[in-house]
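Before any comments, here is the structure.
Remember, it's a predicted structure, so these values are computed and weren't measured experimentally. Scope of the values below: all heavy atoms of this structure, side chains included, with no hydrogens, waters or symmetry mates.
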Amino acid sequence: MLSSININGQTRSVDVPEGMPLLWVIRDELELTGTKFGCGVASCGACTVHVDGEPTRSCVTYVEDVEGAEITTIEGVASEVASAVNQAWNELNVVQCGYCQSGQIMSAIGLLSENRNPSVKDIDDYMWGNACRCATYQRIRAAVQRASQILEA
């Protein structure tokens, strides 16, 4: 199946089987390896990308379902919110092993794009589906709060 997708601001054509998860198109066909495979059933968040600005689990999203949509991967995020999140992550040394971090960051950008001043409960509720093998949840929460402060400055 020949499919045309808009990814990170570029239209790309891929010839892949119908029903192929977007994750594998991103990683294997387009060689954008920042988006990670974690569980394959949308439970861990490692594969989170933005589809039309919404955090989406790419492991259960089929390539044919995103034709005409704007897809953004960790490699393509570029906004005021993304810069604030990146700065906060670096300031607070959030990353431990780093495997989940692209998904965590994509979800944090989604949250702060919707709500620039989230409460702790808002952060926990929004980020709930993102698993971290190293349990850096408190650092992640603190970085989301710090990014919010950066955006308010």
Side-chain angles (χ1 to χ4, degrees), residues 1-90 94-95 98-119 121-133 136-137 140-141 143-148 150-152:
M1 171 185 108
L2 188 60
S3 186
S4 179
I5 60 174
N6 179 334
I7 190 153
N8 298 333
Q10 296 181 337
T11 300
R12 305 280 301 268
S13 291
V14 293
D15 191 5
V16 297
E18 186 173 339
M20 181 177 225
L22 178 60
L23 173 64
W24 300 123
V25 174
I26 291 168
R27 289 186 57 81
D28 294 348
E29 301 297 320
L30 301 176
E31 298 179 351
L32 297 169
T33 58
T35 304
K36 304 297 183 198
F37 173 78
C39 66
V41 293
S43 291
C44 74
C47 69
T48 302
V49 298
H50 291 178
V51 176
D52 290 332
E54 293 294 320
T56 303
R57 304 296 201 246
S58 64
C59 70
V60 294
T61 302
Y62 300 116
V63 67
E64 61 267 20
D65 294 335
V66 295
E67 246 186 286
E70 188 175 312
I71 302 157
T72 306
T73 68
I74 191 73
E75 293 92 347
V77 290
S79 66
E80 178 187 20
V81 172
S83 292
V85 169
N86 185 47
Q87 180 181 335
W89 246 249
N90 287 325
V94 172
V95 178
Y99 196 84
C100 71
Q101 292 304 304
S102 62
Q104 299 282 358
I105 289 167
M106 295 301 282
S107 291
I109 292 168
L111 168 60
L112 292 169
S113 293
E114 290 178 20
N115 177 359
R116 287 197 175 203
N117 191 20
S119 67
K121 182 178 180 349
D122 293 335
I123 295 167
D124 289 347
D125 288 349
Y126 199 94
M127 302 293 290
W128 178 82
N130 289 80
C132 176
R133 297 172 184 180
T136 63
Y137 299 111
I140 291 165
R141 183 185 307 114
V144 173
Q145 291 173 314
R146 176 66 183 125
S148 175
I150 293 166
L151 290 166
E152 294 297 317

Spell out, as yes or no, whether a donor-acceptor pair under 3.5 Å connects the side chain of [X] to the backbone of [Y].
X	Y	value
Thr61	Leu22	no
Asp122	Ser119	yes
Glu70	Gly9	no
Tyr99	Phe37	yes
Ser58	Cys47	yes
Asn130	Cys100	no
Asn86	Ala82	no
Arg27	Thr33	yes

Does some side-chain heavy atom of [Y] sit less than 4.5 Å from a side-chain heavy atom of [X]?
X	Y	answer
Val63	Met1	yes
Arg146	Gln87	yes
Leu30	Ile5	yes
Val144	Trp89	yes
Glu29	Asp15	no

Give me the atom names and distance for the closest heavy-atom approach of [X] to [Y].
X	Y	value
Arg141	Asp124	NE-OD1, 2.8 Å
Ile7	Ile26	CD1-CG1, 3.7 Å
Cys39	Ala42	SG-N, 3.6 Å
Gly110	Pro55	CA-CG, 3.8 Å
Gly38	Cys44	CA-SG, 3.6 Å
Met106	Thr72	CE-O, 3.2 Å

**OP:** Verify whether one side chain among Glu75 and Thr73 offers a donor that lies under 3.5 Å from an acceptor in the other.
**Re:**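 There is such a pair between these side chains.
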Original post:
Just checking, is any N or O donor in the side chain of Arg116 or Ser148 under 3.5 Å from an acceptor N or O on the other one?
Top reply: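 No pair is found: no donor N or O on one side chain lies under 3.5 Å from an acceptor on the other.
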Original post:
Taking atom CG of Asn8 and atom NE2 of His50, what is their separation to the nearest 0.5 Å?
Top reply: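 One gets 11.0 Å once the value is rounded to the nearest 0.5 Å.
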Original post:
When you look at OH of Tyr137, are more than 12 heavy atoms from neighbouring residues, nucleotides or ligands closer to it than 6.0 Å?
Top reply: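 Atom OH in Tyr137 is crowded, with more than 12 foreign heavy atoms closer than 6.0 Å.
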